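Order of the sequence lines sets the chain letters (A, B, ...), proteins ahead of strands, with each chain counted from 1. The model shown is predicted, which means the values in this text are computed figures rather than measured ones.
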There are 2 protein chains.
Amino acid sequence: MPTRIRPRTACAPADDLSNPIPEEFCDHLGFVLARARLELIRGLDAVIQPSGLQARHFALVRLLLQRPGLSQAQISALLGTDRTTTMKMADDLERRALVSRKRSATDRRANTLSLTPQGERWIARLQPALEDEEARFLEPLSPGERALLQELLVRLVQHATTPNNPNNQHE
Amino acid sequence: MPTRIRPRTACAPADDLSNPIPEEFCDHLGFVLARARLELIRGLDAVIQPSGLQARHFALVRLLLQRPGLSQAQISALLGTDRTTTMKMADDLERRALVSRKRSATDRRANTLSLTPQGERWIARLQPALEDEEARFLEPLSPGERALLQELLVRLVQHATTPNNPNNQHE
DNA sequence: TTCTTTTAATCAGCAATACTGAGCATTCTT
DNA sequence: AAGAATGCTCAGTATTGCTGATTAAAAGAA
């Protein structure tokens with residue numbers, strides 16, 4: 001009997017329209033990466049939406065939980081977002097009193113961002129639902145595979161954002 | 001001596017600002033996924049930019065190479081894009097004569113999309129540079145790890161887009 | 001058949017988004 | 001002390017993703 005190549009992959013042969021992922025895309029990393037991110041982010045956004053905020057805001061706030069007192073420029077660099085986008089997020093969060101801006105003592109140009117008690121409570125309140133959402137997304141993977149995926153992605157991001165070797169330094 | 005937990009990960013302790021990825025984000029899948037996708041897509045877009053198109057257009061065109069004659073609605077479902085977005089991409093590609101629209105013989109409402117010879121040449125011309133770009137992005141991973149990453153992502157997308165179990169069926 | 005409902009594509013327009021450039025304040029460099 | 005660079009803010013712009021309406025065709029119900 002003619003066994004299929006790559007039987008492990010969940011991709012469909014070219015004539016199977018019922019299957020959402022055509023076979024060719026199995027080796028198109030950009031596509032699966034973009035698609036996976038889209039699906040996960042949509043789920044996370046749905047959880048956060050009642051606050052009127054998005055997953056990006058939560059990322060910022062969780063970053064502040066880890067490193068209170070970062071400036072907006074530092075946050076932009078860490079999150080990979082534009083300076084003005086970071087500012088808008090800081091506006092959104094400050095308006096809801098989840099973070100507070102303060103002039104930096106060492107550099108009076110810079111804004112020091114830190115969590116308010118409400119901000120910390122906001123994280124604590126949302127965290128479980130977000131972890132559930134992530135777990136549902138990761139359902140088809142074993143615990144070992146989840147950890148591996150995480151590690152591989154971290155290595156890729158680490159490599160891509162290291163100043164010396166950014167493949168094409170976006171001038 | 002106090003050895004660090006999770007020494008394999010490339011994440012930084014909270015007080016190391018030189019490291020782009022703070023430690024806490026190592027277990028924040030949404031963040032690394034979004035960041036990895038952003039970096040890769042930026043690289044791919046840079047390669048495609050001279051054509052005035054984007055990675056999404058290339059994804060559509062590669063899909064057509066695999067499955068000529070798809071309708072716009074089918075493409076939307078496979079790519080996960082909005083119908084109107086797919087239409088706009090089809091406009092862009094048709095304007096450059098890379099794909100052609102044709103009324104479907106079996107359903108005269110539907111547009112059948114297929115590659116033109118120029119479209120096929122466009123793929124052939126861009127493919128090597130795109131593969132290089134992807135290879136640079138994947139540099140820190142061994143061949144086995146690359147295949148594994150691909151497979152894990154495909155499984156996740158497959159699971160997230162299957163109609164029955166979409167975690168929260170976005171109503 | 002005829003009537004209603006659904007689906008495909010198109011188009012106009014809206015809302016959110018990302019970014020550019022200017023401006024001001026402050027810090028760094030020399 | 002002067003000039004260059006940096007951090008933030010703001011206004012404007014370009015892009016994006018989507019909603020809703022429209023037309024045409026197909027599918028289903030009566």
Side-chain angles (χ1 to χ4, degrees), chain A residues 17-18 34-35 37-39 41-42 44-46 48-49 51-60 64 67 69-95 99-114 163 170-171, chain B residues 17 34-35 37-39 41-42 45-46 48-49 51-57 59-60 64 69-95 99-114 163 170-171:
Chain A
L17 262 178
S18 71
R35 198 74 210 268
R37 171 231 167 226
L38 183 66
E39 297 297 330
I41 294 294
R42 273 183 180 164
L44 299 180
D45 274 341
I48 300 175
Q49 182 174 10
S51 324
L53 298 173
Q54 298 162 305
R56 50 178 58 234
H57 296 94
F58 192 81
L60 198 166
L64 285 181
R67 301 195 191 179
L70 284 178
S71 73
Q72 297 182 190
Q74 289 171 326
I75 290 171
S76 298
L78 290 169
L79 257 44
T81 56
D82 187 74
R83 330 124 210 171
T84 61
T85 303
T86 304
M87 197 201 111
K88 209 168 203 305
M89 286 197 288
D91 285 347
D92 298 335
L93 291 166
E94 196 183 30
R95 192 177 314 121
V99 310
S100 62
R101 269 189 252 235
K102 205 176 62 184
R103 280 255 165 272
S104 163
T106 61
D107 184 344
R108 298 214 316 247
R109 294 168 302 181
N111 276 341
T112 272
L113 297 195
S114 51
H170 358 90
E171 70 283 348
Chain B
L17 261 179
R35 197 74 211 268
R37 170 232 167 225
L38 183 67
E39 296 298 329
I41 294 294
R42 273 183 180 166
D45 273 340
I48 300 175
Q49 182 174 10
S51 324
L53 298 173
Q54 299 163 305
R56 52 177 59 234
H57 296 93
L60 198 166
L64 285 181
L70 284 178
S71 73
Q72 297 181 192
Q74 288 171 325
I75 291 170
S76 298
L78 291 169
L79 256 44
T81 57
D82 187 74
R83 331 123 209 174
T84 61
T85 302
T86 303
M87 198 200 110
K88 212 170 201 305
M89 286 196 289
D91 284 348
D92 297 335
L93 291 166
E94 196 182 31
R95 192 177 313 121
V99 310
S100 63
R101 272 188 250 234
K102 205 176 63 183
R103 280 255 166 270
S104 163
T106 61
D107 184 344
R108 298 213 316 246
R109 294 169 301 182
N111 276 341
T112 273
L113 296 195
S114 52
H170 358 90
E171 69 283 349

Selected nucleotide, minimal atom distance to B:T84 side chain, candidates D:dC8, D:dG20, C:dA18: D:dG20

Sugar-phosphate, base or nothing in reach of B:R103, heavy atoms under 4.0 Å: nothing

Touch class at under 4.0 angstrom, heavy-atom based, for A:T81 against every strand present: nothing

B:R108 side-chain proximity, nearest of D:dA26, C:dT27, C:dT10: D:dA26

Among C:dT26, C:dA9, D:dA24, the one nearest B:A73 by side-chain distance: C:dA9

Side chains of A:R67 and A:Q74, donor plus acceptor under 3.5 Å: no

Separation of atom CG in A:N111 from atom C1' in D:dG7, rounded to whole Å: 8 Å

Options D:dG17, D:dA25, C:dA18, nucleotide nearest the side-chain atoms of A:R56: C:dA18

Separation of atom CZ in A:R83 from atom P in C:dA22, rounded to whole Å: 13 Å

Student check: side-chain heavy atoms of A:D45 and A:R42 closer than 4.5 Å: no

Sugar-phosphate, base or nothing in reach of A:S71, heavy atoms under 4.0 Å: sugar-phosphate

Touch class at under 4.0 angstrom, heavy-atom based, for B:D82 against every strand present: base

Proximity to the side chain of A:T85 - top-ranked nucleotide from C:dA18, D:dA26, C:dA9: C:dA18

